[in-house]
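Okay, so here's the structure we're looking at.
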Amino acid sequence: MPTRNTPAPGPKLVIANWKMHGTHAGNARLIDALLPGLSAMAGVQVAICPPMPYLAQLAGLLGRTGICLGAQNISERAEGAFTGEVSGQMLADMGCGYALVGHSERRSLYGETDAQVAMKFEAALRAGLTPVLCLGETIHQRRAGNTNAVIGSQLKAVLEQVGMAQLAKGVIAYEPVWAIGTGETASPTQAQAVHAHIRQLLAAQDPAAAARMRLLYGGSVKADNAAQLFAQQDIDGGLIGGASLDADAFAAICRAAISAEPPVGAGLPAKNSTR
Ligand code: 13P
């Protein structure tokens with residue numbers, strides 16, 4: 001199956017999604033345990049998405065470590081009487097570089113629609129954030145043979161809202177719903193097949209931009225399966241839930257992302273380049 005025909009320009013991206021876990025003291029302990037290992041790592045980009053109330057704490061703890069801060073959600077609105085919402089501008093103001101958009105837990109538990117997700121993607125870009133668009137099918141959709149159709153329609157909603165040039169400024173995370181928090185990871189082959197499909201859909205819009213876009217895999221990524229997943233041609237990193245709450249496991253996943261990089265001289269720009 002033809003996918004990207006050039007190596008991914010830049011290091012892999014590994015994003016921790018802490019979901020609704022953490023305390024002030026526990027976060028400090030986790031970062032303390034992580035930093036010695038992570039700060040010695042060149043060749044991988046790392047971001048951490050803590051719960052909203054801890055963004056300021058994490059901004060302080062991460063400081064100049066090179067580890068980015070991200071948010072787990074973003075309002076589609078810019079400002080106003082929207083109780084409980086957090087705008088892109090506020091997230092940028094707190095030091096965030098990334099915002100997750102359309103995580104399946106937001107879609108299924110909080111009723112976020114494709115249209116809303118598209119607006120959130122646009123709101124993140126407006127605020128200067130890199131949106132991480134999460135796509136994924138349920139087990140019923142997969143069993144019915146509808147995986148590609150579901151992913152395609154989730155992607156289309158954003159493409160129609162913002163266009164390919166804007167979409168290409170973001171990151172896409174494929175997270176099969178059935179693999180999230182279940183311990184049941186998509187096999188490297190299953191994940192690669194969907195990633196290749198996503199890249200083909202993008203390539204139909206703009207082949208060069210499609211080849212450059214980072215496609216992350218998420219769903220029960222652990223220290224012992226990360227290397228095989230990251231070795232797939234169209235997997236450019238991971239979105240990590242449960243395992244990101246364990247310093248050793250998360251560091252091992254980041255190391256796996258480095259060793260999955262093509263050898264130096266394979267057409268990559270210098271490490272730590274951004275796209
Ligand atoms: P797990 O790694 O816990 O399966 O969660 C994946 C996820 O939803 C990350 O956003």
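Each ligand, and each atom within it, is numbered from 1 in the order the structure gives.
Among residue pairs with one or both ends in residues 150-164, those qualifying as side-chain hydrogen bond (donor to acceptor under 3.5 Å, both in side chains) are Glu122-Gln161; sequence neighbours excluded.
Leu239 belongs to a hydrophobic cluster with Leu13, Ile15, Tyr98, Leu100, Val132, Val171, Leu216, counting contacts under 4.5 Å between side-chain heavy atoms of Ile, Leu, Val, Met, Phe, Trp and Tyr, direct or through other members.
Distance check: Glu105 CD to Cys134 SG gives 9.5 Å after rounding to the nearest 0.5 Å. Note: Arg126 CZ to Lys120 NZ = 12.5 Å, rounded to the nearest 0.5 Å.
Ring pair His195/Tyr174 is perpendicular by interplanar angle, where above 60° counts as perpendicular and below 30° as parallel.
Each of Asn17, Lys19, His103, Glu175, Ala179, Ile180, Gly181, Gly219, Ser220, Leu239, Gly241, Gly242 has a non-hydrogen atom positioned under 4.0 Å from some atom of ligand 1.
Scanning for ring-ring contact (aromatic ring centres under 6.0 Å, His included) contacts around Phe250 gives an empty result, with sequence neighbours left out.
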